[in-house]
K.L.:
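Quick one: this structure, given as structure tokens, is what I'll be asking you about.
Residue numbers begin at 1 in each chain, while the letters A, B, ... track the order of the sequences. The analysis underlying the following values was restricted to heavy atoms, covering all of them including side chains, and did not include hydrogens, waters or symmetry mates.
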Amino acid sequence: MTTNTEFQNVAEDLEWRGALYNATPGATHALATEKITCYIGFDPTASSLHIGNLLPIMGLVRLQQYGHTPIALVGGGTGMIGDPGGRSEERTLMAIDEIDANVAAIRLQLEPFLDFEAVSNPARMVNNADWLRQTSLLPFLRDVGKHFTVNSMMGRDSVKDRFTRDNGISFTEFSYQLLQAYDFMMLYEKYGVNFQAGGSDQWGNILGGVDLIRRIHRADSEGRPRAHGIAYPLVVNASGEKFGKSIGGAPTLDPKQTSPYKLYQFFLNVADADAIPYVKLFTMLNQVQIGGLAEAVSEEPQKREAQRALAEEVVRTIHGQGGLDQALKVTRAFFGGDISGLSADEMEDVLDDSSVTEVNRDQLSGEGIRFSELAVSAGAGKSGGDVKRTIQQGGMYLNGEQIEDAGRLVGVEDLVEGRLLVIRRGRKNYSLVKLAE
RNA sequence: GCAGGGAUUGGGGAGUGGUUAAACCCAGCAGACUGUAAAUCUGCCGCUUGACGGCUUCGCAGGUUCGAAUCCUGCUCCCUGCACCA
């Protein structure tokens, strides 16, 4: 991690990186002149964070880097309701067990980013289930609900288009904005949290909290607001698509779901036009280093130095040096054209669970199994026909060798080190078949 | 509740009795070209077959017909008016 000494304060830094989309009046001044405590919420809607969460996470990291105190809030309480933002349909409620499991998984993923031992500004992790699950309805309506008009709540972009839809929006989801505002106030009261950050889609919710704190706690003695909010931009690529869009959903931070290798590849394949903006947003590299990369991109784009730096930094941050080494090793093997450089163990380690399947020994013994059948069960194709077509087009490989006949029989003698089969579809899609023990 | 409109292959959207596994666009997949890029080009894109072909599809269930995504009946869901309720 590079120490950044180029900026006077985090606001300037964020601004330079294009990471500041919106801020309440006085927010940047406060960031520059005070030590603040800022929180960001993470929804436990899935068992892993994904790269769409990277920008908010890096936001906390940068705040801490400049001496502010970061708080990561996991939404064990709000997750029981669900944020209606950006959805066209009512959510299905999640089981509490599932929410709690997700909360636990997400906490673990957040930990490596933040310093919980810092002397003056240690990070902290909180779960809004701690207060929301024991909040009583009547006091909540009297104390919190009274400060919101339905009129303004209905004006929120996050719910507006739901009014015109048939399925409408339930009262439950509609109340979400109150809960998030209440969270901010609770954090303000319990931990002195006076900042909330979030994606631009959270801006309305952030302002809701700022307003609630102002209504209940008034301005400070000098007439300045007690609470502020800042928003990060929605990250889109040069083609205007939302960042992270890829087949099978956004890459996750969980190595079981998205191997370090896949994550590395995702960032390595970023378009030239996106590389520098992403480096600014997602890495701790400083102005000078990024300037150098920008130059490299314009002069020798084919070297993809910026993409390389981006992929390396991100993978190292998320999966550590070990994860990065592994990703690099596999990348060299797979794209160096020779997978024989990898041991069976390494191949197994490197691919995420979704691309590993098992076969029984008796399926391979005797005549063996038809390649097309094997490929389908390994997830390398949708159907036998799909596999055959791909073979006709020259896009299927077994252990690095191009397959020409869908009916080619695969037997025990094809196993690498007696226990693995490597199927490749196209240039970069690998599936692994293990022999079940 | 009444009247009108609609439900087609991942999405959009043609198709109103046979030549339709179903135009076209997008997405997706493979190949060529490249920088593991973009753009472009080629092929594919229901299941199956080496191929001819076979099979299953057009909200659901029946029916008419030699033959239906296309016609009829019932059902389900959605949209739009009106009414009812306020």
K.L.:
Using heavy-atom distances to pick each residue's nearest nucleotide on RNA chain B, tell me which of A:D386 and A:A271 is more 5'.
P.N.:
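That would be A:A271.
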K.L.:
What is the separation between atom CG on A:D405 and atom C1' on B:rA51, rounded to the nearest whole Å?
P.N.:
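Taking CG of A:D405 and C1' of B:rA51, I get 14 Å after rounding.
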K.L.:
Using the P atoms only, state how far B:rG12 lies from B:rA61, rounded to an integer number of Å.
P.N.:
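Here B:rA61 and B:rG12 have their P atoms 22 Å from each other.
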K.L.:
I want to verify a distance call: between B:rU36, B:rC47, B:rG50, whose nearest atom is closest to the A:S383 side chain?
P.N.:
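The closest nucleotide is B:rC47.
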K.L.:
Round to a whole Å and report the spacing from CZ of A:R308 to P of B:rA37.
P.N.:
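Taking atom P of B:rA37 as the reference, CZ of A:R308 is at 12 Å.
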K.L.:
For B:rC72 versus B:rG4, give the span between their P atoms, rounded off to a whole number of Å.
P.N.:
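Approximately 14 Å lies between the P atom of B:rC72 and that of B:rG4.
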K.L.:
Looking across every strand, which nucleic acid part, if any, lies under 4.0 Å from A:E300 by heavy atom: base, sugar-phosphate, or nothing?
P.N.:
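If one applies the 4.0 Å heavy-atom cut-off, A:E300 turns out to touch nothing in the nucleic acid.
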K.L.:
Both distances below 3.5 Å, Watson-Crick or wobble geometry, any strand: find the nucleotide opposite B:rC52.
P.N.:
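Because no pair has both required distances under 3.5 Å, B:rC52 counts as unpaired.
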K.L.:
Determine the Euclidean distance between corresponding P atoms of B:rU64 and B:rU70; express it in Å to zero decimal places.
P.N.:
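One P to the other, the span is 15 Å.
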K.L.:
Atom pairs, N/O to N/O, protein against nucleotides 32-35 of chain B, distance under 3.5 Å?
P.N.:
| residue | atom | partner | partner atom | Å |
| --- | --- | --- | --- | --- |
| B:rG35 | O6 | A:D272 | OD2 | 3.2 |
| B:rG35 | N1 | A:D272 | OD1 | 3.3 |
| B:rG35 | N1 | A:D272 | OD2 | 2.7 |
| B:rG35 | N2 | A:D272 | OD1 | 2.6 |
| B:rG35 | N2 | A:P301 | O | 3.3 |

K.L.:
Are a donor atom and an acceptor atom from the side chains of A:Q257 and A:S47 found within less than 3.5 Å of each other?
P.N.:
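Indeed, the side chains of A:Q257 and A:S47 share at least one donor-acceptor pair under 3.5 Å.
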K.L.:
Can you tell me how far P of B:rC47 sits from CD of A:E373, to the nearest Å?
P.N.:
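Those two atoms, CD and P, are 16 Å apart.
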K.L.:
When rounded to the nearest Å, what value does the distance between P atoms of B:rC58 and B:rA51 take?
P.N.:
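These two P atoms come out 26 Å apart once rounded.
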K.L.:
What I'd like to find out is whether the side chain of A:I51 reaches to under 4.5 Å of the side chain of A:P251, using heavy atoms alone.
P.N.:
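Yes, at least one pair of side-chain atoms sits under 4.5 Å.
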K.L.:
Could you identify the nucleotide paired to B:rU73, looking across every strand shown and requiring Watson-Crick or G-U wobble geometry with both distances under 3.5 Å?
P.N.:
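For B:rU73, the partner nucleotide comes out as B:rA61, under the 3.5 Å rule.
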K.L.:
Looking only at atom C1', what distance separates B:rG63 and B:rG67, rounded to whole Å?
P.N.:
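Pairwise C1' distance, B:rG63 against B:rG67, rounds to 15 Å.
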K.L.:
Checking A:T24 side chain against A:G229 main chain: does a donor-acceptor pair fall under 3.5 Å?
P.N.:
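Yes: the side chain of A:T24 pairs with the backbone of A:G229.
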K.L.:
Please measure how far the P atom in B:rU8 lies from the corresponding atom in B:rG15, and state the result in whole Å.
P.N.:
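These two P atoms come out 14 Å apart once rounded.
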K.L.:
Salt bridge between A:D325 and A:K329, side-chain N to carboxylate O under 4.0 Å?
P.N.:
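No salt bridge links A:D325 with A:K329.
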K.L.:
Heavy atoms, side chains only, cut-off 4.5 Å: are A:V410 and A:V433 in contact?
P.N.:
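A side-chain contact is absent here, since even the closest heavy-atom pair is not under 4.5 Å.
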K.L.:
Please confirm whether the backbone N or O of A:M153 pairs with a side-chain atom of A:Q177, one donor and one acceptor, at under 3.5 Å?
P.N.:
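At least one qualifying donor-acceptor pair exists.
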K.L.:
Measure CG/A:N429 against C1'/B:rG28 and give the value in whole Å, please.
P.N.:
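Atom CG in A:N429 sits about 12 Å away from atom C1' in B:rG28.
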K.L.:
Validate the cation-pi geometry between A:R408 and A:F371: distance from NZ or CZ to the six-membered ring centre under 6.0 Å, angle to the ring axis within 45°.
P.N.:
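That pair does not qualify as a cation-pi contact.
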K.L.:
Using the ring centroid of each side chain, check whether A:Y261 and A:Y430 are separated by less than 6.0 Å.
P.N.:
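Not under 6.0 Å, so no.
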K.L.:
Write out a two-atom table: protein N or O, nucleotide N or O from nucleotides 52-54 of chain B, distance below 3.5 Å.
P.N.:
none

K.L.:
If I pick the P atom on B:rG28 and the same atom on B:rG5, what distance separates them, to the nearest angstrom?
P.N.:
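One P to the other, the span is 38 Å.
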K.L.:
Looking at B:rA3, which nucleotide sits across from it as a Watson-Crick or G-U wobble partner, both distances under 3.5 angstrom, or is there none?
P.N.:
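Base-paired to B:rU80.
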K.L.:
Which residue pairs pass the side chain to side chain donor-acceptor pair (under 3.5 Å) test with at least one member in residues 48-63 of chain A, sequence neighbours excluded?
P.N.:
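Side chain to side chain donor-acceptor pair (under 3.5 Å) check on residues 48-63 of chain A returns A:S48-A:Q109.
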K.L.:
For A:F282 and A:F243, take the angle between the two ring planes, folded into 0 to 90°, and tell me which bin it lands in: parallel under 30, tilted 30 to 60, perpendicular over 60.
P.N.:
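Parallel.
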K.L.:
Just how far, in rounded Å, is P of B:rG50 from CD of A:Q392?
P.N.:
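Checked: the CD to P distance equals 10 Å.
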K.L.:
Could you check whether any side-chain N or O of A:D254 sits under 3.5 Å from a backbone N or O of A:K256, counting only pairs where one atom can act as donor and the other as acceptor?
P.N.:
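Flag set: sc A:D254 to bb A:K256 pair under 3.5 Å.
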K.L.:
Distance check, C1' atoms only: B:rA21 and B:rU56, in whole angstrom units.
P.N.:
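It works out to 10 Å between them.
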K.L.:
Measure from CD on A:Q402 to P on B:rA30 and round the result to the nearest Å.
P.N.:
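That distance rounds to 13 Å.
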K.L.:
Which atom pairs link the protein and nucleotides 42-45 of chain B when you take only N or O atoms and keep those under 3.5 Å?
P.N.:
| residue | atom | partner | partner atom | Å |
| --- | --- | --- | --- | --- |
| B:rG43 | N2 | A:Q393 | OE1 | 2.8 |
| B:rG43 | N2 | A:Q393 | NE2 | 3.3 |
| B:rG43 | N3 | A:Q393 | OE1 | 2.7 |

K.L.:
Would the distance check show the side chain of A:Q64 and the main-chain N or O of A:D115 forming a donor-acceptor pair, the cut-off being under 3.5 Å?
P.N.:
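A pair under 3.5 Å: yes.
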K.L.:
When you measure from the side-chain N and O atoms of A:K428 to the phosphate of B:rA30, is any distance below 4.0 Å, counting only OP1 and OP2?
P.N.:
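No, outside the criterion.
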K.L.:
For A:Y232, give me all partners under ring pair (Phe, Tyr, Trp, His ring centres under 6.0 Å), at least two apart in sequence or on another chain.
P.N.:
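Checked A:Y232 against ring pair (Phe, Tyr, Trp, His ring centres under 6.0 Å); zero matches.
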K.L.:
Partner lookup for B:rG43, please. Criteria are Watson-Crick or G-U wobble with both distances under 3.5 angstrom; report none if nothing qualifies.
P.N.:
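Its partner is B:rC29 (Watson-Crick or G-U wobble, both distances under 3.5 Å).
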K.L.:
Whole-Å distance between B:rC29 C1' and A:I391 CD1?
P.N.:
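Spelled out: CD1 on A:I391 to C1' on B:rC29 is 14 Å.
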K.L.:
Could you tell me whether A:G381 contacts a base, only the sugar-phosphate backbone, or nothing, with contacts defined as non-hydrogen atoms closer than 4.0 Å?
P.N.:
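The residue A:G381 makes no contact with any strand.
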K.L.:
For A:D274 and B:rA38, what is the distance between atoms CG and C1' respectively, to the nearest whole Å?
P.N.:
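Atom-to-atom, A:D274 to B:rA38, this comes out as 11 Å.
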K.L.:
Just to verify, what does A:Y264 make a side-chain hydrogen bond (donor to acceptor under 3.5 Å, both in side chains) with, not counting sequence neighbours?
P.N.:
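A:Y264 satisfies side-chain hydrogen bond (donor to acceptor under 3.5 Å, both in side chains) with no other residue.
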